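Worksheet: one structure, shown below.
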Amino acid sequence: AQSVTQLDSHVSVSEGTPVLLRCNYSSSYSPSLFWYVQHPNKGLQLLLKYTSAATLVKGINGFEAEFKKSETSFHLTKPSAHMSDAAEYFCVVSDYSNYQLIWGAGTKLIIKP
Amino acid sequence: DVKVTQSSRYLVKRTGEKVFLECVQDMDHENMFWYRQDPGLGLRLIYFSYDVKMKEKGDIPEGYSVSREKKERFSLILESASTNQTSMYLCASSSNSGGADTQYFGPGTRLTVL
């Protein structure tokens, strides 16, 4: 069965410094993986998705994630944090046996001025 | 742009009331989903539907039912609301390309049951 673990419930970085949000997954298949972002009082928005093409996936707002099969990881990174990046981020794996997505518990990203 | 709308942003109901949450999508998507979101638990799937009049239970269907009479509309029903159903409810839709397809979300309904 598929599962996903976000290793940090909160991450705090200073504006202008790199961001790393960690995600590990478990899947019997070659998975599809997603990162979604939820800004305060706003809906969920897709940041990026991996579907077995290039292992380095670029998303919106300067974020990218690298699929590492040997480590079963799909960490989200950004070179330089901006105040507008403060939000909750969800790592998600797709279950091919149905149309469902399996969600991580979320990581709150806090940006210090 | 895909648009998923939900009937209310905020809703306050009393214990025992019947509650209807409506969701409408405008992209002719086959699949529609209802989740609830609680702090520290991520999103948990309540029900989903892959076609009109079809429904499948998700991870936490107890206390809920759904209705999909038209392709664009998916309703979540709380037959008798209880305080432990106080939560954020999110609706999503996706096209029928299999599990890899992106889900598009509505803004959510924050339901409080007193």
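Given the structure is predicted, the values throughout are model-derived calculations rather than measurements. Lettering follows sequence order; numbering is per chain, from 1.
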Determine whether A/L21 and A/L46 fall in the same hydrophobic cluster, where Ile, Leu, Val, Met, Phe, Trp and Tyr are linked whenever their side-chain heavy atoms lie under 4.5 Å apart. no
Let me know if B/Q6 has heavy atoms under 4.5 Å from chain A in its side chain, its backbone, both or neither. neither
Nearest heavy-atom contact between B/G40 and A/A105 is O-CB, 3.5 Å
Side-chain heavy atoms nearer than 4.5 Å, only ILVMFWY residues, links allowed to pass through others: does that put B/L111 and B/I77 together? no
Non-neighbouring partners of B/V24 that pass side-chain contact (heavy atoms from CB on, under 4.5 Å), sequence neighbours left out: B/T5, B/E72, B/R73
How about B/F105 and A/K42: do any of their side-chain heavy atoms sit closer than 4.5 Å? no
Single-linkage hydrophobic cluster, 4.5 Å side-chain cutoff, A/W103 and B/Y89 together: no
Applying a strict 4.5 Å limit to non-hydrogen atoms, the region of A/Q6 in contact with chain B is neither
In terms of heavy-atom pairs under 4.5 Å with chain A, the winner among B/D59, B/L90, B/L45 is B/L45
Nearest heavy atoms of B/Q103 and A/Y36, plus distance in Å: O-OH, 2.8 Å
Pair B/L43, A/L44 - check side chain to side chain contact (heavy atoms under 4.5 Å, CB included), show working. CA-CA 11 Å; B/L43 271 68; A/L44 281 153; 3.6 Å; yes
Sequence neighbours excluded, which residues qualify as ring pair (Phe, Tyr, Trp, His ring centres under 6.0 Å) partners of A/Y25? A/F67
Using the rule that two of Ile, Leu, Val, Met, Phe, Trp, Tyr join whenever any of their side-chain heavy atoms come within less than 4.5 Å, decide whether A/I60 and A/L33 are in one cluster. yes
Heavy-atom pair of closest approach, residues B/Y35 and A/L101: OH-CB, 4.1 Å
Side chain / backbone / both / neither for B/R44 at chain A, heavy atoms under 4.5 Å: neither
Going hydrophobic residue to hydrophobic residue with side-chain gaps under 4.5 angstrom, can you get from A/V37 over to A/V4? yes
